[in-house]
Amino acid sequence: MASQPPPPNKWISWLSQIYSSGKGPVLGTVDAQEIEDKAREVMKDNSIAYQYTLKGAGTCSTDDANRKAFERWKIVPRMLNNATLRNVETTILGMKVSSPIFVGPVGKQGLVHADGELATARAAAAVGVPMILSSSASRSLEDVAEANGPNGQRWYQFYWPRSPDVALSVLKRAKENGYTALVITVDTMIIGWRSHDHRIGYSPAGHGFGVQQGMADPVFMKRHGLVARHERPKFPFDQEEIRKKAAAGDEETKQSMFLASQWLAETGFGIFRTWDDLQFVKDNWDGPILLKGIQAVNDAEKAIDMGIHGIIVSNHGGRQIDGAIASLDALDMIMHSQKVLDAQKSGKLTVLFDSGIRTGSDIIKALAIGAQGVLIARPIVYGLAIAGQAGVEQILMQSICDLHVTMGLCGFSDVNDLIGKRDELLVKIDIP
């Protein structure tokens with residue numbers, strides 16, 4: 001007896017509307033590479049900012065490795081498993097989410113679109129996807145929270161300030177503005193060797209762009225005899241114009257660059273924190289804490305010992321260390337640890353994945369290896385650059401829709417059943 005057709009859901013309805021409208025998707029395509037290429041074309045008059053977003057550390061070999069790792073893992077679909085009714089909803093750290101997808105913490109989004117993180121926050125709320133806000137955002141955490149709305153789900157990514165009073169102020173602001181979990185990025189104690197930026201001396205943060213959390217912090221600003229302010233930096237960002245204004249003696253520009261330098265010194269670049277330092281955050285943050293940038297099995301196991309609630313297996317999209325292990329390979333190694341598996345099963349540890357996600361198949365591979373959720377980063381920026389909020393919404397919708405369709409074709413009806421099914425669903429092949 002033939003099964004009944006499934007009731008409509010918003011993911012498949014979105015795909016159906018593309019066909020029925022006759023207009024096609026907002027971005028003109030749903031192909032990941034074509035979207036990247038289109039973003040490059042849209043930003044051709046601001047190509048420096050585009051390259052800043054795209055480029056990785058050194059020769060970009062780690063970024064390349066991230067994608068090649070996905071190519072090595074191949075899906076072995078299962079048939080006749082009645083995956084008609086499919087569910088992509090899940091629960092992560094007690095938070096019910098519409099899918100296992102998060103908006104990753106990408107800084108300085110105002111480099112690619114005038115609305116910056118505000119557009120991304122609105123898009124995340126509209127689609128129902130949690131957003132992780134970067135400490136180096138070009139909008140204050142307060143303004144982003146307002147854009148994300150009372151029903152938005154949001155976490156805060158924490159670049160650890162040098163001074164305890166400033167750190168406490170940032171934590172307090174995040175909690176008061178509805179950021180329910182704290183993501184401590186542990187792989188960026190200093191900025192990696194980024195050849196493209198060094199070649200041209202490109203430093204948005206040094207010129208007041210991406211330091212807006214500091215400008216909005218009352219404790220930091222009081223230190224300099226000023227009141228907190230919620231800036232919206234000029235788009236497009238023009239580093240040379242800012243330098244010329246400063247050289248000509250423009251006081252506002254000089255103050256902005258001075259405050260930027262002080263905030264960069266404050267936010268810990270060059271301070272290498274230790275495992276013992278985490279106790280300070282644990283004592284002063286009421287909510288889940290995750291460590292982003294974990295790549296080694298020993299570090300994942302140490303996080304369990306420290307009582308950390310979650311890890312994000314990530315190599316920062318290949319932007320920190322050239323020649324490093326692919327993030328997916330790191331996830332595979334970590335998920336072979338019995339200690340990690342036991343902690344995950346008991347609910348003591350949540351494992352998320354970042355670096356290299358482009359398609360629904362990529363998401364399925366990461367989940368099958370053992371991640372409970374994934375972060376999407378660069379594609380969000382490409383969508384934002386092309387079409388603002390609507391572009392980000394498409395990236396999120398197409399990612400979930402792709403996951404929904406491909407999951408069914410693999411023989412699974414519930415996304416939660418994919419997690420940890422490496423041996424059942426995947427095979428690893430050698431690629432020269």
Side-chain angles (χ1 to χ4, degrees), residues 104-108 117 131-142 144-145 154-177 179-192 203-206 210-224 228 259-296 299-300 302-303 305-317 319-321 352 354 375 377:
V106 180
K108 306 175 185 67
E117 291 81 3
M131 176 183 183
I132 306 174
L133 178 67
S134 170
S135 277
S136 59
S138 55
R139 302 293 188 273
S140 70
L141 65 87
E142 289 86 356
V144 174
R154 50 190 176 269
W155 295 355
Y156 185 70
Q157 179 263 331
F158 188 57
Y159 281 142
W160 201 325
R162 180 187 302 264
S163 305
D165 59 339
V166 176
L168 290 173
S169 178
V170 174
L171 294 176
K172 179 175 181 288
R173 290 166 55 209
K175 178 58 66 174
E176 289 177 347
N177 283 274
Y179 296 84
T180 58
L182 193 72
V183 176
I184 305 175
T185 295
V186 294
D187 62 4
T188 314
M189 304 301 180
I190 56 174
I191 296 296
S203 174
V211 296
Q212 276 55 56
Q213 304 313 330
M215 303 308 101
D217 191 86
V219 172
F220 173 77
M221 293 296 276
K222 184 178 180 181
R223 180 182 297 174
H224 299 286
L259 290 172
S261 71
Q262 295 303 297
W263 181 249
L264 290 176
E266 181 60 52
T267 45
F269 292 116
I271 299 177
F272 284 76
R273 300 288 185 176
T274 68
W275 288 98
D276 290 340
D277 290 333
L278 292 174
Q279 192 60 47
F280 172 85
V281 180
K282 291 180 66 179
D283 290 343
N284 291 286
W285 176 259
D286 179 21
I289 297 173
L290 300 92
L291 303 183
K292 179 176 180 287
I294 298 297
Q295 295 277 280
D299 286 343
K302 180 69 172 177
D305 294 338
M306 290 290 297
I308 297 299
H309 303 92
I311 60 172
I312 302 176
V313 179
S314 168
N315 58 29
H316 217 99
R319 289 170 63 81
Q320 281 299 93
I321 300 177
L352 304 182
D354 170 70
L375 279 58

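Since this is a predicted model, take the numbers as computed values, not measurements. All heavy atoms count here, side chains included; hydrogens, waters and symmetry mates do not.
Rounding to the nearest 0.5 Å gives a distance of 8.0 Å between CG of D187 and CD of Q295. Considering NZ of K282 and CG of L182, their distance stands at 13.0 Å, rounded to 0.5 Å. Interatomic distance, Y159 OH to S134 OG, rounded to the nearest 0.5 Å: 5.5 Å. The CD1 atom of I311 lies 9.0 Å from the CG atom of D299; values are rounded to the nearest 0.5 Å. Put simply, CD on Q213 and OG1 on T267 are 10.5 Å apart, with the number rounded to the nearest 0.5 Å. Rounded to the nearest 0.5 Å, atoms CZ (R139) and CE (M215) are 14.5 Å apart.
For the pair Y179 (side chain) and L141 (backbone), a donor-acceptor distance under 3.5 Å is present. No donor-acceptor pair under 3.5 Å is formed between the side chain of E142 and the backbone N or O of N177. The main-chain N or O of I289 is found under 3.5 Å from a side-chain atom of H309 such that the two form a donor-acceptor pair.
Under the side-chain hydrogen bond (donor to acceptor under 3.5 Å, both in side chains) criterion, D305 pairs with K339, sequence neighbours left out. A search for side-chain hydrogen bond (donor to acceptor under 3.5 Å, both in side chains) contacts involving S314 returns D354, S355, not counting sequence neighbours. For D276, there are no salt bridge (charged side-chain N to carboxylate O under 4.0 Å, His left out) partners, not counting sequence neighbours. The side-chain hydrogen bond (donor to acceptor under 3.5 Å, both in side chains) check on K302 picks up nothing, with sequence neighbours excluded. Every side-chain hydrogen bond (donor to acceptor under 3.5 Å, both in side chains) that E117 has, sequence neighbours left out, goes to S138.
Listed here is the closest heavy atom pair of V170 and W263: CG2-CH2, 4.2 Å. Residues L375 and P105 approach most closely at CD2-CD, 3.7 Å, considering heavy atoms.
Pairs passing the salt bridge (Lys or Arg N to Asp or Glu O under 4.0 Å) check and including a residue from residues 214-224, sequence neighbours excluded, read D165-R223, R173-D217, R223-E266.
Within 6.0 Å of atom NZ in K172, 12 or fewer heavy atoms from other residues, nucleotides or ligands are found, so the atom counts as exposed in its surroundings.
Using the six-membered ring where Trp is involved, F220 and H224 have ring planes that are perpendicular, over 60° apart on the 30 and 60° scheme.
With no hydrogens or angles considered, a side-chain donor-acceptor pair links D283 and Q279 at under 3.5 Å. For the residue pair Q157 and T185, a side-chain donor N or O sits within less than 3.5 Å of a side-chain acceptor on the partner.
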